[in-house]
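Below is one structure, written out as structure tokens; the observations come after it.
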Amino acid sequence: MRGIKVVALGALVVFVVLVAALQGDAATTLVVGVLAAVALVAWWRRSPFAAASVLSLAVTLLGTSMTTAWAGDQTPLVSPLQAGLVFWLFAFVVAVVVWLVPRPDRRNRALTTAMAHAVLLVASPFVVLAPSAAPIAGLCAAMAVVAWRCRGSVRTQPSTSAPHAQRHVGRVAELRGAGRTAEVLAAVCSSGWQVLGSRVLPDNGAGPRPVEQVLVGPPGVYVVETRSWQGDVALVDAPGDEAGVQVATQAYALDGDTTELAARLAPVARNVRQLADLLGVDPAHAYGLVVFWDGTYLPEGAVELTVLAENSRAELVLLNGDQLDHWLRQQPMRLRKRNLTRLANDVETNLPPVP
């Protein structure tokens with residue numbers, strides 16, 4: 001039902017844009033129509049911020065075409081085709097620049113794109129007064145907005161006190177994100193999931209370890225942790241060894257460092273395996289779910305990987321927070337209902353809540 005509502009809303013927005021585009025020339029209608037279709041596909045694939053950026057571009061192309069056509073009617077000094085193409089080019093440039101900046105999350109990218117495009121729209125009527133200067137001034141102002149919105153995105157050399165400050169900021173972001181994760185998990189309880197809250201794993205030689213959320217449902221048992229890391233998670237080429245022969249392979253890495261990513265995920269992997277052992281669950285039905293809300297770039301969709309920790313393997317999933325609800329509801333059923341009740345009771349019995 002939620003997916004139908006999302007698609008219906010996206011279709012309505014696209015319809016409004018297309019109706020407006022039909023008032024213009026054939027080229028504008030064609031280009032805006034293609035962009036609207038791309039936005040609808042992105043919306044369908046649960047990339048609302050990418051869809052919003054594409055729609056922002058479509059609206060900007062449509063708006064600047066209309067204003068430059070109006071300007072051409074006001075003065076013979078303005079060529080609507082030439083001025084319109086210049087604004088179109090600048091709108092595309094702004095969108096590409098915003099999405100090439102590596103650090104901001106998708107929500108910030110979409111908002112930055114819309115703000116910069118709004119500046120171009122405001123500048124377009126001024127071609128009546130300055131046919132050559134208005135587009136250039138609009139681009140400069142739009143890029144100033146982009147620079148302001150993306151300030152601090154590019155890393156600089158940290159001072160000696162930076163690591164402590166970064167850890168503090170990261171911890172605050174994680175606590176804020178954990179609250180948002182808990183809200184999403186509470187919403188999926190109606191779909192057969194049981195959210196058992198924050199639990200403490202018993203001491204197995206390394207001391208008791210808290211777990212942010214334990215989630216039990218038809219797809220399996222999940223250890224849910226919220227993280228906030230500054231960096232990009234992506235596939236990189238990594239050396240491998242098969243039968244003594246060096247081979248090329250790929251592995252996920254944080255800012256190109258596979259070791260760093262593995263080290264950060266190892267505690268979650270250990271918790272997953274300990275929980276599976278305590279509950280007597282097949283390791284194939286126990287997972288770690290690491291949720292990111294801000295600061296960390298992930299490829300589209302879920303990143304599924306196997307992490308080796310203390311000579312045992314655990315399956316982890318890295319996911320953007322805005323995809324958490326949809327991803328959970330799409331998982332296949334692996335456990336029977338009576339097993340879910342037993343597992344939930346075992347968690348309540350063996351894992352005390354975090355004080």
Side-chain angles (χ1 to χ4, degrees), residues 171 174-175 177-229 252 261-293 302-319 321 324-325 327-355:
R171 183 56 181 162
E174 286 182 4
L175 291 174
R180 298 170 69 181
T181 299
E183 292 176 1
V184 175
L185 295 182
V188 301
C189 287
S190 59
S191 302
W193 292 89
Q194 296 188 54
V195 182
L196 301 172
S198 301
R199 297 284 167 171
V200 178
L201 292 172
D203 188 353
N204 64 347
R209 295 196 299 269
V211 173
E212 181 183 319
Q213 296 282 348
V214 175
L215 186 63
V216 175
V221 179
Y222 289 81
V223 169
V224 182
E225 299 284 352
T226 303
R227 294 291 183 266
S228 179
W229 302 334
Y252 281 102
L261 180 62
R264 295 195 185 197
L265 294 177
V268 181
R270 285 194 293 269
N271 290 348
V272 171
R273 286 311 302 264
Q274 185 179 354
L275 181 62
D277 293 340
L278 283 171
L279 301 179
V281 177
D282 185 339
H285 296 157
Y287 307 89
L289 187 55
V290 185
V291 183
F292 299 91
W293 289 99
V303 173
E304 300 180 3
L305 66 168
T306 302
V307 176
L308 182 64
E310 297 178 355
N311 299 321
S312 61
R313 295 176 179 271
E315 302 298 324
L316 303 187
V317 179
L318 279 55
L319 195 66
L324 177 58
D325 182 281
W327 187 87
L328 288 173
R329 296 177 189 274
Q330 296 300 311
Q331 296 309 295
M333 294 183 61
R334 302 184 182 94
L335 300 177
R336 296 180 179 179
K337 186 174 182 180
R338 64 173 180 270
N339 291 334
L340 298 182
T341 303
R342 178 187 66 80
L343 290 171
N345 291 336
D346 288 348
V347 171
E348 295 281 1
T349 302
N350 299 318
L351 278 71
V354 173

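All heavy atoms count here, side chains included; hydrogens, waters and symmetry mates do not.
- The shortest side-chain heavy-atom distance between Val317 and Val303 does not fall under the 4.5 Å cut-off.
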(request) For the pair Tyr252 and Val307, evaluate side chain to side chain contact (heavy atoms under 4.5 Å, CB included) and give the outcome as yes or no after the intermediate values. (result) CA-CA 11 Å; Tyr252 281 102; Val307 176; over 6 Å; no
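- In this structure the side chain of Leu343 reaches within 4.5 angstrom of the side chain of Leu335, judged on heavy atoms.
- Gln213 and Thr181 share no donor-acceptor pair across their side chains, judged by distance under 3.5 Å alone.
- When the side chain to side chain contact (heavy atoms under 4.5 Å, CB included) test is applied to Leu308, the partners found at least two apart in sequence or on another chain are Arg313.
- Residues Val224 and Val214 are not in side-chain contact: their nearest non-hydrogen atoms beyond the backbone lie 4.5 Å or more apart.
- The shortest distance between side-chain heavy atoms of Asp346 and Leu278 does not fall below 4.5 Å.
- Between Arg199 and Glu348 there is a salt bridge, with a side-chain nitrogen of the basic residue lying less than 4.0 Å from a carboxylate oxygen of the acidic one.
- Looking at every heavy atom in both residues, Gln194 comes nearest to Ala344 through OE1-CB, 3.4 Å.
- In this structure, the side chains of Leu265 and Leu305 come closer than 4.5 Å at one or more pairs of heavy atoms.
- When side chains are defined from C-beta on, Val188 counts as touching Asp325, because their heavy atoms get closer than 4.5 Å.
- Looking at residues two or more places apart in sequence or on another chain, you find a side chain to side chain contact (heavy atoms under 4.5 Å, CB included) between Arg334 and Pro219, Tyr222, His285, Tyr287, Gln331, Pro332.
- Scanning all heavy atoms of the two residues, the minimum distance from Leu328 to Trp193 falls at O-CZ2, 3.5 Å.
- Atom-to-atom distance recorded for Arg338:CZ and Thr341:OG1 is 10.5 Å, nearest 0.5 angstrom.
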(request) In sequence, state the C-alpha distance, the side-chain angles, and the governing distance for Leu215 and Val221, and then conclude on side chain to side chain contact (heavy atoms under 4.5 Å, CB included). (result) CA-CA 6 Å; Leu215 186 63; Val221 179; over 6 Å; no
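- Nearest heavy atom pair, residue Cys189 against residue Val195, reads SG-CG2, 3.6 Å.
- Across every non-hydrogen atom of Leu319 and Ala302, the tightest pair is CD1-CB, 3.6 Å.
- Across every non-hydrogen atom of Glu225 and Val268, the tightest pair is CG-CG2, 4.1 Å.
- Between atom CZ of residue Arg336 and atom CZ of residue Arg342 there is a gap of 12.5 Å, rounded to the nearest 0.5 Å.
- Side-chain contact between Val211 and Leu201 is present, with at least one heavy-atom pair separated by less than 4.5 Å.
- At least one side-chain heavy atom of Leu289 sits under 4.5 Å from a side-chain heavy atom of Val291.
- Distance CG/Leu316 to CG/Leu318: 7.0 Å, rounded to 0.5 Å.
- Residues satisfying the side chain to side chain contact (heavy atoms under 4.5 Å, CB included) test with Val354, not counting sequence neighbours, are Ser198, Val200, Pro210.
- Minimum heavy-atom separation, Phe292 to Arg227: CD2-O, 3.3 Å.
- Residue Leu196 holds its CG atom at 9.0 Å from CG of Leu351, rounded to the nearest 0.5 Å.
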